[in-house]
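Hydrogens, waters and symmetry mates are skipped; everything else that's a heavy atom, side chains included, is used.
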Amino acid sequence: MTDLEQRLGEFAARVADLPRSHELETAEGLVRDALAELSKAKRRRDGGPQREQKLLRQIFRTLPIPVVVMDTGGTVRRINNETTRLLGSPAGYLIGRAFPLLIESSRRATFRARFAEALRSEESTTFETRLAHQGRAHTVRLVLSRLRMPGEPQEMVAAVALPTDVQLTGPDSGKDTPDESLFLEAARRHELSAQLTRLLLDDESLREPVALIRAARLLGAETADWVIADMVRDGGLHRAAVIAPSTQPVAKLQRAIESLDPAGAPLVARVLATRSGVVHEMLSDDSLLGADVLTQMKAGSLLSVPIQSDDEVAGVLTLVRLRDRPPFSLADLGLLEEIGSHLGLALRAQRSFQRSSNAADALRSGVLPRSLPEVAGFETAAIYHPGSAMRAIGGEFYDVFPMKGGWGFVIGGAAGRGEEAASVTSLVRNGIRVLSAFERDPGEALRKVNDALLAQHTGLFVMAAAGFVRGRKVRLASAGHHPAALLQPDGGVRFTEGGGVPLGFEEGAVPATEELTLASGETLVLYSDGLVGTRSSAGENYGEARLTEVLARCVNQPPAAVVKAIEEDHRAFCDDEVVDEVTVLTLRRSR
């Protein structure tokens with residue numbers, strides 16, 4: 001007789017010993033039929049072990065009584081169709097969950113004792129208990145039997161549930177009012193999820209590595225006493241955060257847990273290996289987090305979930321509740337598994353953003369000067385704001401540089417953002433610098449830069465203004481840029497001509513040029529479209545008229561004060577929501 005036949009025979013004998021009912025008679029008949037079919041299969045050579053396995057699986061699925069197969073830790077490994085129907089759970093939902101969570105909390109201790117008895121004995125153990133799941137409470141006679149299954153690395157335990165009474169606890173149970181505690185608990189979980197989502201979507205959570213610690217603190221405040229986060233980094237596990245109860249003197253224990261190697265925690269290793277969450281509503285193993293950590297914590301229940309995004313597991317999040325608090329449940333596990341996924345996505349986005357941010361800093365250093373040089377007889381100042389695109393690589397630039405017989409400046413912006421826009425603006429800025437050594441007219445320098453830009457076939461165009469300063473005279477050239485503003489010592493404000501065709505737009509285009517003579521105390525202000533083109537929440541345009549009013553209030557003030565006044569007024573106009581890039585460059589003749 002094969003092992004399969006032997007196990008089926010033993011199972012049939014156990015079923016026969018149970019009190020008789022129509023369902024049991026049907027089950028016994030199915031088992032006997034299976035034994036007969038296996039006997040016939042021995043005489044055939046077209047099926048073999050695979051045929052036997054398929055038959056056994058089919059019998060298991062169609063048994064008319066609920067049967068659950070668990071491992072020795074009480075985790076559900078197999079359930080049949082009748083179990084799914086009885087508990088009202090989706091097919092496969094309970095696989096990998098702890099079966100004791102389905103037992104009514106007041107009877108879990110009895111279940112664990114009987115479960116341990118079944119593991120020690122060759123005989124089945126039968127007892128009455130209550131299953132609670134999906135708003136239903138079932139009084140059942142539970143039969144636990146130890147299984148030794150060929151090919152399995154460990155023993156299993158089969159649980160047969162024989163319903164004796166079903167009691168609905170939903171709206172149809174005859175109660176006048178629903179259980180308000182269920183609604184309150186569901187609302188609490190929903191609010192916790194919403195809080196965490198808002199936290200992870202905050203700009204600072206992306207800009208700085210604070211998402212993990214913020215999430216841990218929130219969970220520690222709302223749903224757990226201890227929160228431990230272990231992250232995978234450089235091929236190993238590292239303890240990233242330990243949040244302890246704020247109402248207890250456990251600072252020494254907290255430091256000790258922080259110093260422990262998470263690789264020595266069996267629970268953490270299991271979650272990483274299986275990529276699925278685990279909940280222990282009643283702790284029977286105090287070594288799950290290594291050493292006697294749970295004993296020192298006075299832990300009553302815990303759950304642990306992976307921090308993951310798609311196929312990437314970034315770490316493990318473990319929550320612990322003390323003995324005087326209600327234990328974690330399957331609903332808590334489901335919520336925390338979702339939170340673990342959200343946190344994994346947030347950490348991945350943070351890493352991606354940081355890489356982009358570093359690239360943006362590297363590229364921006366090529367188009368924005370770290371500081372402005374000192375220019376004899378002039379004071380200079382500038383501001384640059386990247387807008388609300390969170391440090392995206394922008395297309396605006398400015399520069400002030402020495403040249404033969406004087407000094408020069410340039411300001412502009414490409415019609416676009418990103419690495420390509422940064423490379424184009426770098427070409428314009430550095431091209432003007434190089435050509436200033438050979439050209440006395442900034443218009444001619446801009447014309448040659450225009451030809452070079454067209455030869456690159458980038459498809460981008462650049463609005464720019466450049467000036468060469470010699471003594472009191474400023475030779476100013478514009479390629480589609482806004483006219484510069486000239487603030488005079490008496491408070492008057494006038495604008496230059498500006499205009500011209502943007503660089504990279506048309507071959508042979510000649511920039512508009514003019515010459516200014518700056519008197520002592522006069523300030524030349526150059527600005528980008530991001531300043532005057534801004535619209536308020538009411539739809540109003542910032543424009544050159546408002547800029548004129550701001551400049552008129554800055555009479556006889558140094559350039560640094562002028563750019564600060566412009567920046568503050570622009571922020572007030574935008575309600576601190578600066579969307580576009582803003583660049584301002586000011587030059588004041590001091591003597």
Side-chain angles (χ1 to χ4, degrees), residues 361 364-365 367-387 391 394 396-403 406-413 425 429 432-433 464-474 476 481-496 516-534 542-574 576 578 580-591:
D361 288 342
R364 191 173 292 125
S365 65
V367 295
L368 295 178
R370 293 175 182 240
S371 60
L372 296 179
E374 291 187 7
V375 180
F378 283 85
E379 299 174 75
T380 61
I383 58 167
Y384 169 79
H385 193 288
R391 299 168 65 84
E396 294 196 359
F397 66 99
Y398 66 90
D399 195 15
V400 176
F401 51 89
M403 54 180 285
W407 55 281
F409 61 84
V410 62
I411 184 173
T425 55
R429 176 203 179 200
I432 294 295
R433 269 189 174 237
F468 290 172
V469 183
R470 291 179 175 87
R472 297 171 52 198
K473 296 188 179 297
V474 178
L476 188 63
H481 202 269
H482 286 279
L486 186 62
L487 173 60
Q488 298 170 324
D490 61 0
V493 178
R494 68 181 181 88
F495 288 87
T496 63
L516 308 174
T517 300
L518 297 183
S520 178
E522 287 188 319
T523 302
L524 188 64
V525 181
L526 300 104
Y527 50 90
S528 67
D529 183 68
L531 175 69
V532 294
T534 299
Y542 188 86
E544 293 171 349
R546 181 163 181 141
L547 176 61
T548 300
E549 293 180 5
V550 176
L551 293 177
R553 295 195 294 266
C554 297
V555 176
N556 296 323
Q557 293 187 15
V562 174
V563 296
K564 183 178 181 181
I566 295 173
E567 181 179 27
E568 290 178 350
D569 184 74
H570 183 253
R571 282 187 172 277
F573 179 79
C574 299
D576 286 327
V578 181
D580 296 323
E581 288 180 284
V582 174
T583 307
V584 179
L585 174 65
T586 59
L587 322 164
R588 181 174 184 263
R589 181 168 176 78
S590 56
R591 56 181 171 83

Distance col, row Leu487:CG vs Gln557:CD, nearest 0.5 angstrom, shows 9.0 Å
Please tell me if the side chains of Leu372 and Phe401 come closer than 4.5 Å, counting only heavy atoms from C-beta onward. no
OG1 of Thr583 to CD1 of Ile383, rounded to nearest 0.5 Å, is 8.0 Å
Please determine whether a side-chain nitrogen of the Lys or Arg among Glu379 and Arg588 lies less than 4.0 Å from a carboxylate oxygen of the Asp or Glu. yes
Has Glu549 got a side-chain atom pairing as donor or acceptor with Arg546's backbone, closer than 3.5 angstrom? no
Might you work through the ring-ring contact (aromatic ring centres under 6.0 Å, His included) test for Trp407 and Phe468, ending with a clear yes or no? CA-CA 6 Å; Trp407 55 281; Phe468 290 172; over 10 Å; no
Rounded to the nearest 0.5 angstrom, the CD-CZ distance for Gln488 and Arg494 is 6.0 Å
Smallest separation among heavy atoms of Ala485 and Tyr527, with atom names: N-CE2, 4.2 Å
Just wondering, do Asp529 and His482 contact through their side chains at under 4.5 Å, heavy atoms? yes
Evaluate the criterion side chain to side chain contact (heavy atoms under 4.5 Å, CB included) for residue pair Thr548 and Phe495; output intermediate values, then yes/no. CA-CA 9 Å; Thr548 300; Phe495 288 87; 3.4 Å; yes
Does one side chain, of His570 or Thr534, offer a donor that lies under 3.5 Å from an acceptor on the other? yes
Within the side chain of Tyr542, is there an N or O that forms a donor-acceptor pair under 3.5 Å with the backbone of Cys574? no
Pairwise distance CD1(Ile411) to CD1(Ile432) - rounded to 0.5 angstrom: 13.0 Å
Leu516 CG to Arg589 CZ distance, which is reported to the nearest 0.5 Å: 13.0 Å
Against Phe409, only a single residue in Val474, Thr380, Asp399 fulfils side chain to side chain contact (heavy atoms under 4.5 Å, CB included); can you say which? Val474
Among Thr523, Leu587, Leu486, which residue satisfies the side chain to side chain contact (heavy atoms under 4.5 Å, CB included) criterion with Leu518? Leu486
Taking every heavy atom of Ala484 against every heavy atom of Leu524, the minimum-distance pair comes out as CB-CD1, 3.9 Å
Between Val555 and Pro489, what is the shortest heavy-atom contact and its length? CG1-O, 3.1 Å
Testing the basics here: between Val562 and Cys554, what is the closest heavy-atom pair and its distance to 0.1 Å? CG2-CB, 3.9 Å
For Arg470, does the CZ atom have more than 12 heavy-atom neighbours from other residues, nucleotides or ligands under 6.0 Å away? yes
Heavy-atom side-chain contact between Ile566 and Leu547 under 4.5 Å: yes
Hey, does the side chain of Thr425 reach the backbone of Glu396 with a donor-acceptor pair shorter than 3.5 angstrom? no
Compare all side-chain heavy atoms of Ser520 with those of Arg472 and state whether any distance is below 4.5 angstrom. no
